[in-house]
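Below is one structure, written out as structure tokens, with a few remarks after it.
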Amino acid sequence: MGTALVYHEHMTAARLLWDDPECEIERPERLTTALERLQQRGLEQRCLRLVAREASEEELGLVHSPEYVALMRGTQALSTEELQALSRQFDAVYFHPSTFHCARLAAGAALQLVDAVLTGVVCNGIALVRPPGHHSQRAAANGFCVFNNVALAAKHAQQKHGLRRVLIVDWDIHHGQGTQYIFEDDPSILYFSWHRYEHGRFWPCLRESDADAVGRGRGLGFTVNLPWNQVGMGNADYVAAFLQVLLPLAFEFNPELVLVSAGFDSAIGDSEGQMQATPECFAHLTQLLQVLAGGRVCAVLEGGYHLESLSQSVCMMVQALLGDPAPLLSGPMARPHRYSSCLLVVTLNHSLGVAPVLSSSTRAPERGPSPPLPAEPEFKTAATQATAALSSLLDQLHLNPTPPVRTALAWPVLLDGDLGLPPDVLCQEGSASQEETQAWARPHEALAQGKAVSALGKVLYLLDRILDGQVRQLAGAGGSRGVRGGTNSSSRLLCVAVGQLDRPPDLTDDGRTLWLNIGGKEAAALSVFHVSVPLPRTTGGFLSCALALVLPLAYSFQPDLVLVVLGPAHGLQDPQAALLVALLRGPAGGRVLALMNEESTSQLAVVLARVLHGEAPPSPGPFCMASPEDVQGLMHLRGRLEPQWKMLRVAGEAGRPGSA
Ligand code: Q9C
Ligand code: ZN
């Protein structure tokens, strides 16, 4: 349904007119570089471009005092000396004669974005603005921020569009104390911020940035702070925080709109943040937010001072907003980064029909050979290297042109055109011929006997061949990329089997396959690669299972492909199945094969195909607490599996990065 990009080149006008090492990082090139990079990657052209308007003074009054607005209006006529003197009255702020105009455009851009999303012109979008907003308070400029763009957008969404619940996610590396103050007693706005804190030593060095600040009065519980007490947080820490802290709260809150205070000083290379998360992490974080509020996500730029890291991160976020699969996550949680960006998604009914579908829609990306990957140690130390080294590294890492999104749906009969299937989903009716099927199945003669298990066995066998083939294909085409250590044996398959399905006998604990059964008789881990959990009975139980077990396992395992099997009588409601599939797009770079049993409806097939294609899943329905038994089962499994799967670890372990 489209992604808006809101911008106005006048916002590059404000700049620092005197010497101030603290403020010089907030410069016009932040916007021009990000925009250039979006154009270079063909992303800007895929967005709906909106020219930012100025917020009116009445709109500024939604958050700011009339006296403060008047003071800011007055800056337009001040001399440089007077501007400098006024700047000193605030913490980490500079004014320029164009500041008032720029700040009104920045606020206006945020409002315009909310209007575009809430009137259905687009599904989501991003406003590229300066000055930033989240440190700005009712009557104070602070931390480069003049007006609080995101707070204004939230108030506007409520007042002009009648929204009752808005989630603000602040992933800038500084605490948005301005936003916190504005909404601290307001239960209609859930404010989540993570930030570099270092036990209060990092700017803005406030007691109220700590985790025990949770809101006041009626807003008690609607402020959530996640302070990082060490630098060096990476992809695994950020994704784990979203899965295990933010998303459970967010689903319960059930927002109608998600606003992102999208600061990219939390990315690798930024001198303010000193963190390690790579740009593609922001594609994953964005995707995780897109399962909320029907995908209505409005991002507004905050900080981000390393021009290259900022630009790459913005590109990653825009790609995700556009519905593209997120590139594989690299970093400390993971094996070395892999490069293959083959496609796709197949949803099918008759598993025996899988062969032609996969062979016709699986292909290497249509582009020239990619540059060789840097060696892993180089990657690990990237943050500490010189700017030039970092930017060339970032350039080489999976920031290729848009990966080919290919979604295929195989179904035994022709599907009705008005089921709402996106036009570019490849539809493949029917199944393989007998001969083809037998040819494919031959090496697994033993499996050809049974029914469900044998069908599954064949599919798994085929997937193996496909993964092997991909490796060969890449090696043949590119020549220089031994990205998986040169052997096929490292390709991994995550199998999420829903319903009463036994692990096929030919799967072993060799580490290539992680078998995760939802719907088993009891919570049990027969090995770290063979996990079974009962089907939770409530929405809350299902969400906990998905967010606190399945996804952390999936991200830790780093699969090349995710197979989701909906077995007979699997018991998942359609929205739950859709949510699970939407979340599982992340871990394998969008490569998901969803298999449905023959009882499934074509409605479910279409919903899954849409979600695989990048659309938002439907809401999982009213929140209902997980039962004590479900929670107990999950806790048992988490405890048992935590030593092996890093991303299950979120608490305890003093001194470990990421411990909360
Ligand atoms: N002397 C944003 O990222 N640094 N603002 C203060 C203490 C100010 C950051 C250093 C950083 C402001 C939007
Ligand atoms: Zn910041």
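Order of appearance sets the numbers: ligands from 1, and atoms from 1 within every ligand. A quick note: this is a predicted structure, and the numbers were derived from the prediction, not measured.
- Neither side chain, Glu9 nor Thr12, offers a donor N or O lying under 3.5 Å from an acceptor on the other.
- Applying the 4.0 Å criterion to heavy atoms of Gly303 picks out, from ligand 1, the atoms 3 (O), 13 (C).
- Protein heavy atom in closest approach to atom 3 (O) of ligand 1: Tyr305 OH, 2.6 Å.
- Scanning the protein heavy atoms around atom 10 (C) of ligand 1, the nearest turns out to be Glu22 OE2, 3.4 Å.
- With no hydrogens or angles considered, no side-chain donor-acceptor pair links Gln319 and Arg46 at under 3.5 Å.
- Using a 4.5 Å heavy-atom threshold, the side chains of Val63 and Phe147 count as separate.
- Residue-level proximity to ligand 1 for Glu26 is absent, since no heavy atom of it falls below 4.0 angstrom.
- With a 6.0 Å radius and a threshold of 12 heavy atoms from other residues, nucleotides or ligands, Arg53 has its CZ atom above the threshold.
- Side-chain atoms of His156 and Asp115 include a donor-acceptor pair closer than 3.5 Å.
- Neither the backbone nor the side chain of Ile173 comes within contact range of ligand 1; no heavy atom lies under 4.0 Å.
- Contact check on Glu44 versus Arg49 returns a salt bridge, with a Lys/Arg side-chain nitrogen under 4.0 Å from an Asp/Glu carboxylate oxygen.
- Between the side chain of Glu256 and the backbone N or O of Gly162 there is no donor-acceptor pair closer than 3.5 Å.
- Judged as a salt bridge (charged side-chain N to carboxylate O under 4.0 Å, His left out), and not counting sequence neighbours, the contacts of Glu57 are Arg73.
- Within the 4.0 Å heavy-atom criterion, neither part of Asp91 lies near ligand 1.
- Which parts of ligand 1 touch Asp265 is read off a 4.0 Å heavy-atom cut-off, strictly below it: atoms 3 (O).
- Checking side-chain atoms of Ser309 against main-chain N and O of Asp270 turns up no donor-acceptor pair under 3.5 Å.
- For atom 8 (C) of ligand 1, the nearest protein heavy atom (residue, atom name, distance) is Ala92 CB, 3.7 Å.
- Of the N and O atoms on the side chains of Ser193 and Gln180, not one donor lies less than 3.5 Å from an acceptor on the other residue.
- When each atom of ligand 1 is checked for a heavy atom of Pro132 under 4.0 Å away, the hits are 13 (C).
- Under the 4.5 Å side-chain criterion, counting only non-hydrogen atoms from C-beta, Tyr191 is in contact with Asp170.
- If you check which protein heavy atom lies closest to atom 5 (N) of ligand 1, you get Gly143 O, 3.0 Å.
- Shown here are the protein N/O/S atoms lying under 2.8 Å from the Zn ion (ligand 2), water excluded: Asp172 OD1, Asp172 OD2, His174 ND1, Asp265 OD2.
- Within ligand 1, counting atoms from 1 as listed, the ones closer than 4.0 Å to a heavy atom of His134 are 13 (C).
- Heavy-atom neighbours of Asp19 CG from other residues, nucleotides or ligands within 6.0 Å: at or below the threshold of 12.
- Residue contacts with ligand 1: His174 is placed with a nitrogen or oxygen under 3.5 Å of a nitrogen or oxygen of the ligand (distance criterion only).
- Distances below 4.0 Å separate heavy atoms of Asp172 from the following atoms of ligand 1: 3 (O).
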